[in-house]
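Remarks on the structure that follows.
Positions are given from 1 along the sequence. Numbering of ligands and ligand atoms starts at 1, following listing order.
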Amino acid sequence: MQVPASSAPRRRISSTQARRNWRSGVRRQPVIFLFPDSQDQVDPSYDFDRESSSLDRVRQRDDRYAHEVIVPAPYDGVLLSKALVDGRGSKYTLAQRHRLYRLGVRRFFRLDQLEGPLLTTMGDCGAFTYVREEKPPYSPEDVLEFYAECDFDYGISVDHVILDYQSEPADVVRPLRPPNPEWAKRQKLTLEYAGEFLRLHRVRQPRFQPLGVAQGWSPRSYAHAVEVLQKIGYSHIALGGMVPLKTPEILSCLRAISDVTYPETHFHLLGVTRTKRVLEFRKYGVTSFDSTSPFRQAFMDDTDNYYTADRSYVAIRVMQIDSNHRLKQRVLAGQLNQNKGRSLEAKCLQTLGAYDRHEVELETPLRALRRYATFLGEEDRTDEYRRTLEDRPWRACGCAICRDAGIQVAIFRGTERNKRRGFHNLHVFNQRLHRELTVVS
Ligand SMILES: [Zn+2]
């Protein structure tokens with residue numbers, strides 16, 4: 001399967017021509033953003049004052065995905081991993097899995113009920129979930145069946161991620177012989193699977209568009225994988241394993257790949273978010289990517305929790321003394337007075353609400369937050385909180401989440417608030433992306 005670079009057959013397009021093409025703007029397709037599903041939904045009936053859901057709430061029926069809350073949807077499509085549906089540590093219940101197969105991916109996510117542009121659906125294997133295993137747990141046939149049964153628009157072939165990266169000069173001296181033979185083995189396996197996947201696709205002819213995956217450990221090895229996939233017959237190729245790479249490394253790979261790219265090849269960047277570079281990516285033929293980071297930063301990041309068009313704000317932490325595991329332990333160990341904690345916590349929420357209604361000055365919630373932080377032994381973040389509260393960014397945002405939830409969207413506390421902030425971030429991210437894409441075009 002491996003073709004040494006020196007003896008590779010003549011390229012269909014010379015590197016100078018390819019570069020001229022993207023420089024002159026031949027590559028001007030739209031770039032679409034897919035959001036990987038992890039069954040993240042919010043409960044529209046949630047009451048922030050009582051901090052509880054409506055009694056007759058039925059999760060499956062009433063909870064809403066980001067694309068149902070924010071109109072138009074804050075992304076162009078949904079990416080669903082097979083591993084998430086039926087792999088180890090799956091997020092799907094048996095009932096959900098059955099419903100997905102029965103209804104198909106479009107109806108399962110209620111995409112058929114949306115107004116506005118049609119959302120795309122893409123399936124992949126979730127290769128990071130089995131990255132430590134010797135072989136992927138699925139065969140090309142397994143995933144082909146999964147995509148066909150769920151009726152996806154796009155389906156990505158089975159791949160095995162190479163976690164290491166090697167830049168020049170080693171890449172130039174020994175382009176396809178990595179220091180660790182395991183890397184080459186994973187690439188070879190991924191390419192073989194891609195060949196089998198496409199063969200099966202041609203025989204059975206399901207509706208979805210197949211994508212082969214290029215895995216590599218360096219610019220030249222990625223280019224090699226792309227070359228092989230194009231020869232097999234792929235016009236859509238996903239670039240895998242680039243999540244941990246720095247932006248200049250990704251660009252080096254894209255440059256090396258552009259030397260062998262056919263003009264009709266489309267690339268999908270798996271798990272890569274760099275809106276600032278999206279125009280550059282597009283020049284190299286990238287027409288889609290997926291990422292969870294705008295959503296996850298809402299509650300995983302230390303500082304960039306709430307996005308706006310030009311910056312990010314820290315969300316106001318108000319920990320739940322009764323449901324935070326660590327705090328409960330400290331209460332049980334007699335290190336924290338639970339009643340005092342409860343009253344300080346309630347004071348934070350109450351003064352934040354009053355501040356949002358212009359009933360109290362900014363210093364009032366800041367004082368309450370400082371007291372609660374001191375009580376818990378947490379760091380004092382008054383200066384950061386002051387910026388968030390002073391600017392009241394949720395007032396300037398037009399998304400449905402901010403309109404309905406007000407200041408609650410900026411409070412770091414519990415899944416209903418945190419996921420709402422994640423949805424808002426997706427909306428802002430999507431707007432940033434479109435802004436970047438329209439600047440130069
Ligand atoms: Zn918003």
Side-chain angles (χ1 to χ4, degrees), residues 32-38 40-49 51 62-78 109-110 114-117 119 273 275-276 278 290-318 349 352-358 362 365 384-438:
I32 66 168
F33 162 46
L34 304 180
F35 180 56
D37 167 64
S38 197
D40 289 307
Q41 302 183 48
V42 296
D43 168 14
S45 78
Y46 189 77
D47 182 329
F48 291 107
D49 293 329
E51 304 217 295
D62 301 326
D63 284 10
R64 290 288 170 257
Y65 295 105
H67 54 257
E68 296 178 288
V69 182
I70 296 177
V71 183
Y75 34 77
D76 305 296
V78 173
F109 285 104
R110 297 186 287 261
L114 295 182
E115 289 169 28
L119 264 66
T273 340
T275 42
K276 288 271 170 229
V278 69
D290 66 90
S291 172
T292 51
S293 61
F295 177 75
R296 292 170 60 84
Q297 280 204 310
F299 45 90
M300 301 293 280
D301 203 85
D302 191 41
T303 51
D304 296 335
N305 305 126
Y306 181 99
Y307 286 16
T308 65
D310 305 300
R311 56 166 295 182
S312 302
Y313 289 89
V314 71
I316 318 284
R317 274 113 174 118
V318 184
L349 292 173
L352 283 166
Y355 171 74
D356 197 29
R357 294 188 299 272
H358 297 275
L362 172 60
E384 295 167 278
Y385 291 166
R386 187 188 300 279
R387 273 193 291 277
T388 306
L389 292 174
E390 223 162 38
D391 289 0
R392 291 188 164 99
W394 57 91
R395 287 284 171 101
C397 176
C399 90
I401 294 282
C402 294
R403 267 200 324 267
D404 291 351
I407 195 172
Q408 304 297 338
V409 72
I411 301 177
F412 195 122
R413 172 186 175 86
T415 169
E416 288 295 336
R417 288 179 178 87
N418 293 348
K419 282 186 181 173
R420 274 173 174 77
R421 192 167 52 260
F423 285 6
H424 152 89
N425 283 354
L426 286 169
H427 165 74
V428 175
F429 176 81
N430 198 37
Q431 288 195 322
R432 281 185 192 168
L433 180 69
H434 287 131
R435 188 179 62 185
E436 290 295 326
L437 283 170
T438 47

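To the nearest 10 degrees, the angle centred on the Zn ion (ligand 1) between SG in C397 and ND1 in H424 reads 100°. Vertex the Zn ion (ligand 1), arms ending at SG of C399 and SG of C402: the angle is 110° after rounding to 10 degrees.
Under 2.8 Å from the Zn ion (ligand 1) lies no N/O/S atom of H427, from backbone or side chain alike.
Of the options T388, D356, T308, a side chain to side chain donor-acceptor pair (under 3.5 Å) to W394 is made by D356 and by none of the others.
Crowding of R296 atom CZ: a count of heavy atoms from other residues, nucleotides or ligands under 6.0 Å not exceeding 12.
Cation-pi contact between R421 and Y306: absent, since separation from the ring centre below 6.0 Å together with deviation from the ring axis within 45° is not met.
In summary, the aromatic rings of F33 and F35 are positioned with their centroids too far apart to meet the 6.0 Å limit.
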